[in-house]
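Here is the structure we will look at, set down as structure tokens.
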Amino acid sequence: MSEEVQRVFEAIDALEGIADPTERARALSEVLKGLPDRNKKLKTARQAAVAELLARPGASLRSVGAELGISFSTVQDIVKGYSGSGSKRPKAAPAGE
């Protein structure tokens with residue numbers, strides 16, 4: 001785990017350590033309220049980073065997946081902006097269209 005990731009997790013853990021329950025609840029609520037926007041920013045930043053990896057000479061979905069420790073199909077999903085279950089993905093066009 002990188003130092004940056006560790007700091008984020010430590011900051012989240014610190015919220016649970018706020019002694020005053022009112023302040024703890026307020027702080028946790030504030031973080032929870034901001035998470036959807038932050039998640040969107042994180043997904044967009046990850047998508048850009050993966051696209052940058054794929055733009056390298058000789059890079060492929062499989063090579064980038066191996067580098068990141070994920071499957072090639074997950075790399076493809078990230079680049080296309082998909083997340084969550086496959087039921088939310090656009091249906092493939094029938095052959096011949």
Side-chain angles (χ1 to χ4, degrees):
M1 180 181 312
S2 73
E3 185 179 326
E4 292 84 1
V5 172
Q6 184 63 39
R7 286 197 313 258
V8 169
F9 289 145
E10 287 171 359
I12 291 170
D13 291 343
L15 295 170
E16 296 175 28
I18 297 172
D20 180 81
T22 301
E23 290 304 314
R24 185 170 60 244
R26 284 182 180 153
L28 290 165
S29 294
E30 196 173 330
V31 169
L32 289 168
K33 183 178 179 183
L35 279 179
D37 289 337
R38 297 293 177 161
N39 278 342
K40 187 172 182 175
K41 285 178 71 172
L42 288 170
K43 286 179 184 179
T44 300
R46 178 182 65 175
Q47 184 179 16
V50 171
E52 189 176 334
L53 291 171
L54 282 169
R56 297 181 302 190
S60 68
L61 294 172
R62 289 189 191 281
S63 68
V64 171
E67 186 175 349
L68 297 176
I70 58 178
S71 70
F72 77 92
S73 61
T74 299
V75 174
Q76 186 175 39
D77 288 348
I78 291 169
V79 170
K80 290 184 176 185
Y82 299 152
S83 63
S85 73
S87 66
K88 295 183 180 180
R89 294 187 184 132
K91 301 291 182 205
E97 283 190 29

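- R46 contributes atom CZ, which lies 10.0 Å from atom OG1 of T44 (distance to the nearest 0.5 angstrom).
- L68 and M1 are assigned to two separate hydrophobic clusters, defined by single-linkage of ILVMFWY side chains at heavy-atom distances under 4.5 Å.
- Sorted by first and then second residue, the pairs that involve residues 52-73 and meet side chain to side chain donor-acceptor pair (under 3.5 Å), not counting sequence neighbours, are R56-E67, S60-S63, S71-S73, S71-T74.
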Evaluate the criterion salt bridge (Lys or Arg N to Asp or Glu O under 4.0 Å) for residue pair R26 and E23; output intermediate values, then yes/no.
-> CA-CA 5 Å; R26 284 182 180 153; E23 290 304 314; 3.3 Å; yes
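- Taken together through direct or relayed side-chain contacts under 4.5 Å among Ile, Leu, Val, Met, Phe, Trp and Tyr, L61 and I70 form part of one hydrophobic cluster.
- No continuous path of ILVMFWY side-chain contacts below 4.5 Å connects Y82 to V75, so the two sit in separate hydrophobic clusters.
- Linking ILVMFWY residues whenever their side-chain heavy atoms come closer than 4.5 Å, directly or via other members, places L35 and L15 in the same cluster.
- Transitive grouping of hydrophobic side chains (ILVMFWY, heavy atoms separated by less than 4.5 Å) keeps V8 and V31 in distinct clusters.
- Taking each heavy atom of A59 and L54 in turn, the nearest pair found is CB-O, 3.6 Å.
- Atom CZ of R38 is surrounded by 12 or fewer heavy atoms from other residues, nucleotides or ligands within 6.0 Å.
- Smallest separation of non-hydrogen atoms from R24 and I18: NH1-O, 2.6 Å.
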